Amino acid sequence: MALLIAAYRYRAPRDTASSLFIVSKWLQSACWLLVMIRFSLPGQQIVLVSNALMLVGGGLEIVALLLMAGAFDAKAKRYYAVVTALCVLSYGLIYFFDHSDNLRIASASLGVVLFIAFPAYRFVANKGDSLLQTVMGLVYAAVSFVMLARAFTALFAGRDMNIFLTGLIRQLYSIGIFLVMILGMAGFVLLSRERSYEVLRRKANIDELTGILNRRAFIDRAQIAAAAAAERREPISFLLLDIDHFKQVNDNYGHVTGDWALQNFASTLEFYLGPEDLFGRYGGEEFTVLLPGAGEEESDRKAEQFRLAIMSSRIEGHPLKYTVSIGVITVIPDKSTQLDQLYKLSDAALYQAKQDGRNRVVRSRWPESGAGLP
């Protein structure tokens with residue numbers, strides 16, 4: 001595993017999670033090498049070193065997985081700081097004052113439980129993240145129970161134990177360790193791919209500057225919403241918004257300030273949108289809003305709310321003030337209604353708003369038979 005990851009990392013982009021993961025695999029490899037040659041080396045210190053390598057290697061692997069899943073927050077850092085301190089203290093006291101294999105095994109097994117219980121809980125509890133994380137959490141939970149059983153067996157079995165003895169618990173322990181190693185490797189690769197896919201999906205659907213839907217994503221989702229409204233015979237309202245005199249903003253204040261204005265515009269409108277409303281950037285200073293279920297009265301109220309919010313908005317630390325003109329069209333769509341039709345009608349209304357002096361809302365009407373007005 002360590003060699004495969006090292007080969008991948010040779011030319012792949014490097015990040016903290018991947019770096020921690022490959023270090024964890026090298027440390028675990030060193031641990032198992034020491035376990036294999038344990039009886040060929042003098043002294044008991046080899047037991048302490050091998051367990052320390054496993055503790056650090058396993059801990060770094062868990063941290064890397066949590067980082068890849070976006071779950072290594074301040075709470076996780078505090079948890080692992082406390083757990084690491086407890087594991088080091090417990091194992092150190094047992095090693096220097098007792099020397100019992102059973103107590104060492106129980107301490108190490110409980111340490112593993114504490115280390116993997118946290119990702120098990122986080123991955124299962126965060127059901128909205130992904131099915132992959134949920135499955136990983138369930139497997140980690142199963143391994144936790146196996147390690148917990150091993151710890152209690154070591155404490156109460158009444159016979160000496162070590163990792164080389166045979167028996168059911170030993171077999172379950174071996175399977176558990178194997179699952180942890182395979183799960184860690186496969187889980188990390190799959191989480192990495194899932195994160196890469198999410199980044200690509202976001203780049204494909206989200207406008208980089210404003211953080212809202214880009215043109216293509218807005219059209220796709222709005223067409224789906226229109227089709228759903230047609231089946232329910234419910235109205236939809238399409239709003240086309242254009243920042244007034246935006247070229248003058250760029251000419252007078254610079255393009256950086258223009259970008260700030262676009263970001264301010266998007267964040268201001270998002271505050272007034274509902275969970276079902278769609279908001280996208282069509283291009284330049286032109287934005288679109290689709291209000292599913294909103295009739296003329298509701299969309300007029302919303303449009304005026306947008307206009308007033310933009311007129312009173314401010315960019316922190318900058319004197320710039322700006323306004324918006326809005327074109328609105330409301331219809332009860334049918335199966336033949338296309339978003340391009342709504343765009344053209346709202347664009348005509350927007351043009352009229354510009355001609356009438358800007359900073360205003362103008363409504364357009366559906367001229368054809370078929371789709372109706374609410």
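Owing to the predicted nature of the structure, the values given are computational and were not obtained by experimental measurement.
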Inset, instruction - Determine, using the 4.5 Å side-chain heavy-atom cutoff (strictly less than), whether V328 and F287 are members of one ILVMFWY cluster. - result: yes
Legend entry - Electrostatic pair R358:D242 at N-O distance under 4.0 angstrom: no
Inset, instruction - Taking only Lys NZ, Arg NE, NH1 and NH2, and the carboxylate oxygens of Asp or Glu, determine whether K25 and E61 approach each other closer than 4.0 Å. - result: yes
Inset, instruction - May I ask you to test the L269-F265 pair for a side-chain heavy-atom distance under 4.5 Å? - result: yes
Inset, instruction - Return yes if some donor-acceptor pair links the side-chain N/O of Y272 with the main-chain N/O of F306 below 3.5 Å, else return no. - result: no
Inset, instruction - Flag the pair D340 and K344 as a salt bridge only when some basic side-chain nitrogen lies within less than 4.0 angstrom of an acidic carboxylate oxygen. - result: yes
Inset, instruction - With rounding to the nearest 0.5 Å, note down the distance linking OH in Y282 to CG in D207. - result: 14.0 Å
Legend entry - Exercise: do S364 and S346 side chains pair donor with acceptor under 3.5 Å: no
Inset, instruction - Please examine the side chains of I116 and I62, heavy atoms only from C-beta on, and report whether any two atoms are closer than 4.5 Å. - result: yes
Inset, instruction - Check the side chains of R307 and N359 for a donor-acceptor pair under 3.5 angstrom, ignoring hydrogens and angles. - result: yes
Inset, instruction - Identify whether the distance between the nearest side-chain nitrogen and carboxylate oxygen of D251 and K247 falls below 4.0 Å. - result: yes
Legend entry - Centroid separation Y121 to Y140 less than 6.0 Å: no
Legend entry - Joint hydrophobic cluster, F118 plus L67, side-chain heavy atoms closer than 4.5 Å: yes
Inset, instruction - Would you please test Q263 and D259 for side chain to side chain donor-acceptor pair (under 3.5 Å) and show each step? - result: CA-CA 6 Å; Q263 292 169 339; D259 289 346; over 6 Å; no
Inset, instruction - Return yes when atom CD of E276 has more than 12 non-hydrogen atoms of other residues, nucleotides or ligands closer than 6.0 Å, and no otherwise. - result: no
Legend entry - F246 CZ: over 12 foreign heavy atoms closer than 6.0 Å: yes
